Amino acid sequence: PRALHQVRLARRMVPEDAPDDALKALEEALSQGLPEAPPTTAESPPAESDARRLARANALFREGRPDAAMGIIRALPDRARSVPALTLEAAIMAETGQLDAAARALETALRFEPTNLVLETRLADVLMGLKKEKRALALLAEAEAAGGAEAKLMLAEFDLKRGADEGLVG
């Protein structure tokens, strides 16, 4: 409002046929103290929402570009460190063999949603890869008791594998 008022006053002060030097001096006087406007060139794209960035990271990961996807995730602000972002981060970390980082991301996600059976099951899967079977089995048992079908399946597969390893299943 203040800047608009100044422009209206300036229009009254300077006649239309004023020389360019007078107009330039007036423009400089008016622009002092005003915030600088952001560039609005055709090259500067509109700001991308956190959800769109996460969707783009997900698409890049599915295209087999985990490094590009992880770059987007790391650039997300703290407010966007949501369960979907952490789950995608964990999937990327697991895919690239960084199981410790995948486990940390899933543990953080579980702090947001402690009753999320899918997260518990994914964490158990990562823990199995880290050879932390005791903790993984405890998570799976917890998820199974809460009705997690995927956890029940993973426990059955683990029992079959253990039986095969011990020579009980042929």
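All figures in this text were calculated on a predicted structure; none of them were measured in a lab.
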Visitor: Answer whether the closest heavy-atom distance between the side chains of I73 and R81 falls below 4.5 Å.
Guide: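 The answer is yes; the side chains approach within 4.5 Å.
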Visitor: Out of N58, L60, L54, which residue meets the side-chain contact (heavy atoms from CB on, under 4.5 Å) rule with I72?
Guide: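 Among N58, L60, L54, the one meeting side-chain contact (heavy atoms from CB on, under 4.5 Å) with I72 is L60.
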Visitor: Starting from M128, can I reach V118 by hopping between I/L/V/M/F/W/Y residues whose side chains sit under 4.5 Å apart?
Guide: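 No, V118 does not connect to M128 through the hydrophobic network.
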Visitor: How many angstroms lie between atom OG of S82 and atom CG of L76, to the nearest 0.5 angstrom?
Guide: 8.0 Å
Visitor: Looking at CG of L88 and CZ of R62, how far apart are the two atoms once the value is rounded to the nearest 0.5 Å?
Guide: 9.5 Å
Visitor: Do M70 and M93 make a side-chain contact, defined as non-hydrogen atoms from C-beta onward lying under 4.5 Å apart?
Guide: yes
Visitor: In residues 108-115, what donor-acceptor pairs under 3.5 Å come from side-chain atoms, sequence neighbours left out?
Guide:
from, atom 1, to, atom 2, distance (Å)
T108, OG1, R104, O, 3.0
E113, OE1, N116, ND2, 2.7

Visitor: Is any side-chain heavy atom of L106 less than 4.5 Å from a side-chain heavy atom of L86?
Guide: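 Counting from C-beta outward, L106 and L86 never come under 4.5 Å.
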Visitor: How long is the straight-line distance from CD of Q98 back to CD1 of I92, given to the nearest 0.5 Å?
Guide: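 Going from CD1 on I92 over to CD on Q98, the span is 10.0 Å.
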Visitor: On a heavy-atom basis, which atom in F61 and which in A91 lie closest, and how many Å separate them?
Guide: CZ-O, 3.8 Å
Visitor: Answer yes or no: are there more than 12 heavy-atom neighbours, outside R56 itself, under 6.0 Å from its atom CZ?
Guide: yes
Visitor: If you look at every heavy atom in A80 and A85, which pair is closest and at what distance?
Guide: O-CB, 3.5 Å
Visitor: Got a list of side-chain donor-acceptor pairs under 3.5 Å for residues 132-141, not counting sequence neighbours?
Guide:
from, atom 1, to, atom 2, distance (Å)
R135, NH1, E107, OE2, 2.9
R135, NH2, E107, OE2, 2.9

Visitor: If I take atom CG from residue D67 and atom OG1 from residue T96, how far apart are they, to the nearest 0.5 angstrom?
Guide: 7.5 Å
Visitor: To check you understand the geometry: which heavy-atom pair defines the closest contact between A102 and A90, and what is its length?
Guide: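 Looking at all heavy atoms of both residues, the closest pair is CB-O, 3.4 Å.
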Visitor: I need the E89 CD to T87 OG1 distance, nearest 0.5 Å.
Guide: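 Taking CD in E89 and OG1 in T87, the distance rounds to 9.5 Å.
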